[in-house]
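Take a look at the structure below.
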Amino acid sequence: MLIAAGLTLGLGSGCDREPSNATPTPHAAPPASRQLAQTPAALPDPSPDDFRIDAARRLMADGRLDLAETALRTVLAEKPASDRARFFLAVSVAKQKRYGEARPLYEEIARSGRTFPERRHVPHFHGWALFYLGEHDLAREQFLLHAESVPEEGDSAFALGVIALEKDDQVEAERWLLEAIRRQEGSPALVREIAKAEARLGDLRYRQDRVEEAVVLWQRCVDRWPDHHEAWSKLARGQARLGRETESAYATTQWRNALARLGREVPPDSPGASP
Amino acid sequence: MRVAWRLGATTSLILATGCGEGSPAPKPSAPSAAAPSGPPIRLRDATRGSGLEMTVTSGATPSTRILEVKGGGLVLIDVDRDGLVDLFVPNGATLEDPEQGPGARLFRNEGGLRFRDVTAESGINHRRWSFGGAAGDLDGNGFEDLVIACYGPEVVLLNRGDGTFEDASARSGLGDPGWTTSIALGDLDLDGDLDAFATNYVGFDPSKPPMEARFKGIAVLAGPRGYDAAPDRVYENLGDGTFRDRTADAGFAVAPAFGLNAAIADFSGDGRPDVYVGNDSQPNHLFVQTAPWTFEERGLASGAAINFEGAAQATMGLAIADVDGNGRPDLFSTNFSSDTNTLHLNLDGRIFDDRTAAYGLAAPSRSSLGWATGFFDLDHDGAEDLLVVNGHVYPQATVESMDSPYRQRPQVFRRAGTRFEEELEVGDWAREPHVDRSAVFADLDEDGDIDLVISELNGPLRLIANDADPDPARWLRVRLRDPRQGISNRAGIGAVVSLETSRGTLRRWLSGGGPFQSNLRPEAHFGLPSGAGPLTIEVLWPDGLRQRIEDVRPGQVLEVVRAEPAAE
């Protein structure tokens, strides 16, 4: 898992970075992915152990993304061939939601062939940048590449499930999300990752008008991770749809509480906001 | 197909076949989606030589203050009741003198996509910085008047019926001194005249120094946060074109939000008009009317205020259509970049669900910042397509820095089965990036298809002509006329027009509000799939009267004149 690999970067509860271990389908790797996969990664990174890179990682974990970015740009200015610095720079930029800036950094790393410890995870982060730029087909290629090349990792299965949901490919969405859950079960460190996958599976069930099942999944999600405000919101919606006004109102309150705990803006209450 | 034939006359039908009172009870019908493949969508830029040569003013370029980024609106109006849709452009001004801009313009439609500037002869001399607007007969004299949303008090221009307008602002009862972005007209109390909903944005003082803001780490002009949200206003028409503020006693006095747009329609399905308000960066509002002049804000309760992830968005454009074919008005909203536009399906009048991704509309909108939007059957295949105009607010925006460029292409989404698919080859004009804001949709050349006019920030108007299949069997336009004494909402704003075909029922809401800082014509346009079979129109008038017209001939502008039920 990327968490195990030390790539927990203080992300919020968005859908960035989730586990995967799904077995890619035989047709999974399209030409571009294969091209990347075949890129010779023989050249070593010139300074994988630059202490400033690890310092920047700690800054990122603390949420000080701008400082991390500055530090990594300094390293890169001195060592332009440092793909490790470039990778973490890309991640820090992406965490500031500047995906268009991160994308060419990932692409440059993919082209260079230089090795560094985290290189195998580049497609995963590259995939999220592409996803948020609306390039779902290209993102899918990257996630599949990651799932192929790092079979012990599960983080991209969730991403593939999310993309399948966006494409309304319900069969594939279910397959990847279930796989994401399966691969992460039993690991206490991954409870949030499991919760996210369950929430998305709930989304799928809701779309299939299997509202009762969706509610169960969203409830399971917030039981695991009470700060998952999106799941609370969905739970409120699902309960309302089932006519359970009391339960819906409770979930709405918990949604507001979760937003407040996370320092997010809590929407003003209004007379009609009863759920 | 430019005027391959000219519709010589509209057809008036005074036949009422099967009328009935009562609240609407839409029954589910087959989705209005057409087959995945159909005729192409063909749109072309017809601005040159059209007479619509005008550059809209909205502050300076590049924009430095929030007042400069919303752009100018557009208003469709039939000034002289000749059936041709004219165009009013409220126009903006500059920060140096918001009261004295270059002035509004009125363009008379002379047919054949030719317009003539008749501002001077109309007597309109409006120079206040303006945004959206609306047209409708406010005073009951049978001619459409204008209400203009301004930075400063709203302006009411009453149509004398002779091609000239009288500035009746002072006695109108409108006149919120703040910044109004959009005006929506609708008969909220079903008394036969048009009430007004004014969407207000922020309290803005150009003399105060600009605030600092950052977007994706880059210093940018300040958005609404940091300003005080301005409360929206709702006004009751007293029947003569003067208004009374009903905001407080009608239930609209909720916590103010950064309002940009509004739509008036019966979303709950109980027969009473409701109001949906698109807010910037805050949850949208859904004011459901539960009794005359009694509204409850149910945005969050209904799910219509936020997206599926529970996030408030920055709603600009609004469009209404029955996307899932369940007979209820669904809501589509355009939003900021690095976010998706949002399709809220109206499940039962009580619950709205964000199904954007399922309909294929999420991914294509992430890099765009959307403004005006509309559902129209652009290719006459029987299914409503979707058009969105785009453009960023930050002049320094690039894909690299903000994931989204300043100038952006408009997007046309063709309805294909249960999804919408972006059509990239709809004409050269659609490949050109612009900083678009407003748009209006209507059959401007009377050839049966929907054309549009787009307003760009500090740029020229663009007239986009539709070259859809001219086969008369492939389209139908329906107008309403209520001839009753004392009714000024003669055009039936608020009505629902249903077209029953052998392939399902298509519905159109003659809603108040518009695509963005603009309005809609009170008219239903239908594209027809091949083999549509016998056509029957059912009109659900705003007061609940149902009127059916059987064996309707396609390829015409059908005027349905309200007829009361025959005495038993």
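All values below were derived from every heavy atom in this structure, side-chain atoms included, with hydrogens, water molecules and symmetry-related copies excluded. Lettering of chains follows the sequences in order, A, B, ..., and the numbering in each one begins at 1.
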### Under 4.5 Å from any heavy atom of chain B - which part of A:D169
neither
#### Entry: Steps toward side chain to side chain contact (heavy atoms under 4.5 Å, CB included) verdict (A:D203, B:E309)
CA-CA 10 Å; A:D203 297 357; B:E309 301 303 314; 4.2 Å; yes
#### Entry: Per-residue contact mode, A:E265 against chain B (heavy atom under 4.5 angstrom)
side chain
### Query
Checking heavy atoms, do the side chain of B:L347, its backbone, both or neither come under 4.5 Å from chain A?
side chain
### Query
Does a side-chain N-to-carboxylate-O contact under 4.0 Å join A:R241 and B:D353?
yes
#### Entry: Closest non-hydrogen atom pair, A:R98 against B:S401
CG-O, 3.5 Å
### Message
Let's go through B:K216 and A:E69 carefully: what are the C-alpha distance in whole Å and the side-chain angles of both, what is the deciding distance for salt bridge (Lys or Arg N to Asp or Glu O under 4.0 Å) to 0.1 Å, and is it a yes or a no?
### Response
CA-CA 13 Å; B:K216 294 183 185 279; A:E69 180 185 341; over 6 Å; no
#### Entry: Heavy-atom pair of closest approach, residues A:S233 and B:G310
OG-CA, 3.3 Å
### Task
Check whether any side-chain heavy atom of B:R355 lies under 4.5 Å from a side-chain heavy atom of A:Y206, and answer yes or no.
yes
### Side chain / backbone / both / neither for B:R225 at chain A, heavy atoms under 4.5 Å
side chain
### Summary
When the 4.5 angstrom heavy-atom criterion is applied to A:L165 and chain B, the contacting part is backbone
### Query
Between B:G303, B:P283, B:A255, which residue shows the highest count of heavy-atom pairs closer than 4.5 Å to chain A?
B:G303
### Closest heavy-atom pair and its distance - A:R256, B:L300
NH2-CD1, 3.5 Å
